[in-house]
Amino acid sequence: MLSIIDLRDFIDLDNETVQIVNETTQLSDAQATALARELLRTERGIHTLHEMFREQIAQAAESHDIFRERDLRKAYTYFARKYPMPRML
């Protein structure tokens, strides 16, 4: 049986992306991992993940949580390089 860590490694999914999905949706780690995996399969899903990151960054900035904002920006930079924002029509 595969663990959540094995699944994340297998699908090239990082912890920060799962955490963003978890915090946005309030799902469990396993459910957030499954949803993030599904979202990465389509351009619309990748776009949704970009929006989730941006919303979390905006919330951290609004609440003046400098350290959280910095960490989220770093994670988002990594995510955006790996999965560039698709052009939505």
Side-chain angles (χ1 to χ4, degrees):
M1 179 185 226
L2 294 174
S3 70
I4 290 173
I5 293 171
D6 292 333
L7 284 173
R8 288 180 189 164
D9 290 343
F10 178 73
I11 60 173
D12 201 25
L13 185 60
D14 58 272
N15 289 331
E16 289 81 4
T17 302
V18 172
Q19 184 177 357
I20 288 297
V21 173
N22 180 287
E23 290 174 6
T24 301
T25 62
Q26 300 300 309
L27 295 171
S28 69
D29 281 348
Q31 291 171 321
T33 299
L35 178 56
R37 186 172 142 213
E38 284 297 315
L39 290 171
L40 287 173
R41 291 182 181 193
T42 66
E43 285 187 353
R44 179 158 306 285
I46 291 171
H47 185 269
T48 299
L49 287 168
H50 277 269
E51 291 302 315
M52 287 180 179
F53 268 103
R54 290 176 175 182
E55 287 174 13
Q56 291 290 323
I57 291 167
Q59 287 176 5
E62 190 174 293
S63 65
H64 305 289
D65 189 343
I66 299 166
F67 299 110
R68 173 91 173 123
E69 182 183 357
R70 181 197 64 205
D71 291 344
L72 286 169
R73 287 186 185 280
K74 183 178 176 182
Y76 181 58
T77 298
Y78 173 78
F79 177 83
R81 281 189 197 133
K82 196 172 181 180
Y83 302 102
M85 175 71 95
R87 296 178 195 253
M88 303 302 291
L89 298 175

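Taking CG of Leu39 as the reference point, atom CD1 of Ile46 lies at 9.0 Å (rounded to 0.5 Å). One finds the OG1 atom of Thr24 at 4.5 Å from the CD atom of Gln56 (value rounded to the nearest 0.5 Å). Here CD of Gln19 is found 9.0 Å from CZ of Phe53. Values are rounded to the nearest 0.5 Å. In this structure, CG on Leu35 lies 11.5 Å from OG1 on Thr17, to the nearest 0.5 angstrom.
Side-chain contact check for Thr25 versus Gln31: every heavy-atom pair is 4.5 Å or farther apart. Using a 4.5 Å cut-off on side-chain heavy atoms (C-beta onward), Arg87 and Glu43 make no contact. Counting only heavy atoms from C-beta outward, the side chains of Ile20 and Leu72 approach each other to under 4.5 Å. Side-chain contact between Leu40 and Leu49 is present, with at least one heavy-atom pair separated by less than 4.5 Å.
Judged as a salt bridge (charged side-chain N to carboxylate O under 4.0 Å, His left out), and not counting sequence neighbours, the contacts of Arg54 are Glu51.
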Q: Evaluate ring-ring contact (aromatic ring centres under 6.0 Å, His included) for Tyr83 paired with His50, printing each intermediate quantity in order.
A: CA-CA 9 Å; Tyr83 302 102; His50 277 269; 8.3 Å; no
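Closest heavy-atom contact between Val21 and Ala32: CG1-O, 3.7 Å. Leu13 and Val18 get closest at one heavy-atom pair: CD2-CG2, 3.5 Å.
Summarising the local packing, NZ of Lys74 is surrounded by 12 or fewer heavy atoms from other residues, nucleotides or ligands at distances under 6.0 Å.
Looking at Gln59 and Glu55, their side chains never bring a donor and an acceptor atom within 3.5 Å of each other.
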